[in-house]
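Structure first, then comments.
Both ligands and their constituent atoms are indexed starting at 1 by order of listing.
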Amino acid sequence: MTAMVEEHFEHTLEKDQRIEPRDWVPEGYRKTMIRMMAQHAHSEIIGMQPEGNWITRAPSLRRKAILLAKVQDEAGHGLYLYSATETLGADRTDLTERLIDGKQKYSSIFNYPTLTFADVGVIGWLVDGAAICNQVPLCRSSYGPYARAMIRICKEESFHQRQGYELLMTMMKGTQAQRDMVQDAVNRWWWPSLMMFGPPDTDSPNTAQSMAWRIKRHTNDELRQRFVDMTVPQADILGVTLPDPDLRWNAERGHYDFGEVDWAEFKQVVSGNGPCNAQRVEHRRRAHEDGAWVREAAAAHAAKRQGSIA
Ligand code: FAQ
């Protein structure tokens, strides 16, 4: 029996088909998928904060409506991904508690502050751009519920990326002060965006196994390079400079060369010591505690309905 289910798992991967919740999976596969989906869900939920910070201060009704829609989409992505983790037996309440107790990670990028409205544009352009670059290949990830979630999420991320780029285009056509604001935001967000792809391949403990299980389809460095190649021409069109003196086209490689990411900073941020880690987690904790009465009311309502049906 065990040999048969193991064979089914291996065959499914070999044929590049999807693993579904009903299928047997090795314990390591289940744990890896839950970790990755939970971290992704947490990132979407925590990721609402840096931009959400600007909803009340958006410069026009149009920008406010767009930003509100984007942040709502992020909440939707988070909930969708928590549901995907539940198909593998995880419990959403438990995952939320692990997040606010600092036991589970979320993307390092959301621990940086949003100082001006240009940051909203740069998050759309660079952060959503990096997210798309990382997540489009995950639409072919071996775990069915995650791969399917990625299809919808990527479509929405793509709208997010365009709204950011359009916002920046508008600011770049404005005053010198607006152009300076955009450049300043690019200077602050460029390197943290490159960190979103994770540690270098030589220092990435999970990549080899996740590639073998076809959970990940490319390594961290491959995707980081793809992002740089995609973004440099966009920066030229926008008229901003990317803050890397080593950035140049390498005709031999057919890619842009770029400087070394500050991995010491990355490690600091991932281990909880970034500029906004404490604030982000504390905000999430408060929202969770303030929402307790809603969860209780929903549970009471569900119990009552079930009673009346029975
Ligand atoms: N930040 O061995 P690896 C978004 C952790 S969504 C924090 O290379 P792996 C949308 C890693 O988890 C952004 N931790 O790990 C949006 C592992 O942890 P462990 C989130 C990081 O899994 C836009 C350890 O380091 N996207 O932006 C980071 O093979 C705008 C060792 O690393 C996803 O989650 C990091 N940057 O590769 C929302 C996509 N990098 O084992 C709002 C799915 C690594 O200690 C506004 N995830 N770590 O628990 C992935 O593709 C992968 O999990 C990677 C990491 C590539 C992130």
Which residue from Lys105, His160, Lys70 reaches closest to atom 18 (O) of ligand 1 through any of its heavy atoms?
Lys105
Heavy-atom nearest option to atom 56 (C) of ligand 1, drawn from Phe266, Tyr106, Phe197:
Phe197
If you measure every N or O of Tyr146 against every N or O of ligand 1, does any of those distances drop under 3.5 Å?
no
Counting heavy atoms only, which of Lys216, Gln39, Met195 comes nearest to atom 55 (C) of ligand 1?
Lys216
Of all protein heavy atoms, the one nearest atom 15 (O) of ligand 1 is Asn206 ND2, 3.4 Å
Checking the N or O distance criterion of under 3.5 Å, is ligand 1 in contact with Ser108?
yes
Tell me whether ligand 1 is touched by Glu157 - counting only heavy atoms on the residue side and a distance under 4.0 Å.
yes
Closest to atom 44 (C) of ligand 1 (heavy atoms only, candidates Ala131, Gly52, Pro199) is Pro199
Heavy-atom closest contact (Tyr82 atom, Leu95 atom, distance):
CD2-CD1, 4.0 Å
Taking only non-hydrogen atoms of Ser210, do any sit less than 4.0 angstrom from ligand 1?
no
Out of His40, His77, Glu156, indicate the one that has the non-hydrogen atom closest to atom 33 (C) of ligand 1.
His40
Which residue pairs pass the side chain to side chain donor-acceptor pair (under 3.5 Å) test when at least one of the two sits in residues 128-153, sequence neighbours left out?
Glu20-Arg148, Tyr29-Ser142, His40-Gln135, His40-Tyr146, Lys70-Asp128, Thr87-Tyr143
Candidate with minimal heavy-atom separation from atom 40 (N) of ligand 1, of Pro200, Gly198, Gly164, Ala75:
Gly198
Could you point out which residue of His160, Gln163, Gln234, Glu166 forms a side chain to side chain donor-acceptor pair (under 3.5 Å) with Trp125?
Gln234
When you compare ligand 1 with Glu51, is there at least one nitrogen or oxygen pair between them that comes in under 3.5 angstrom?
no
Quick check: Phe110 and ligand 1, any N/O pair under 3.5 Å apart?
no
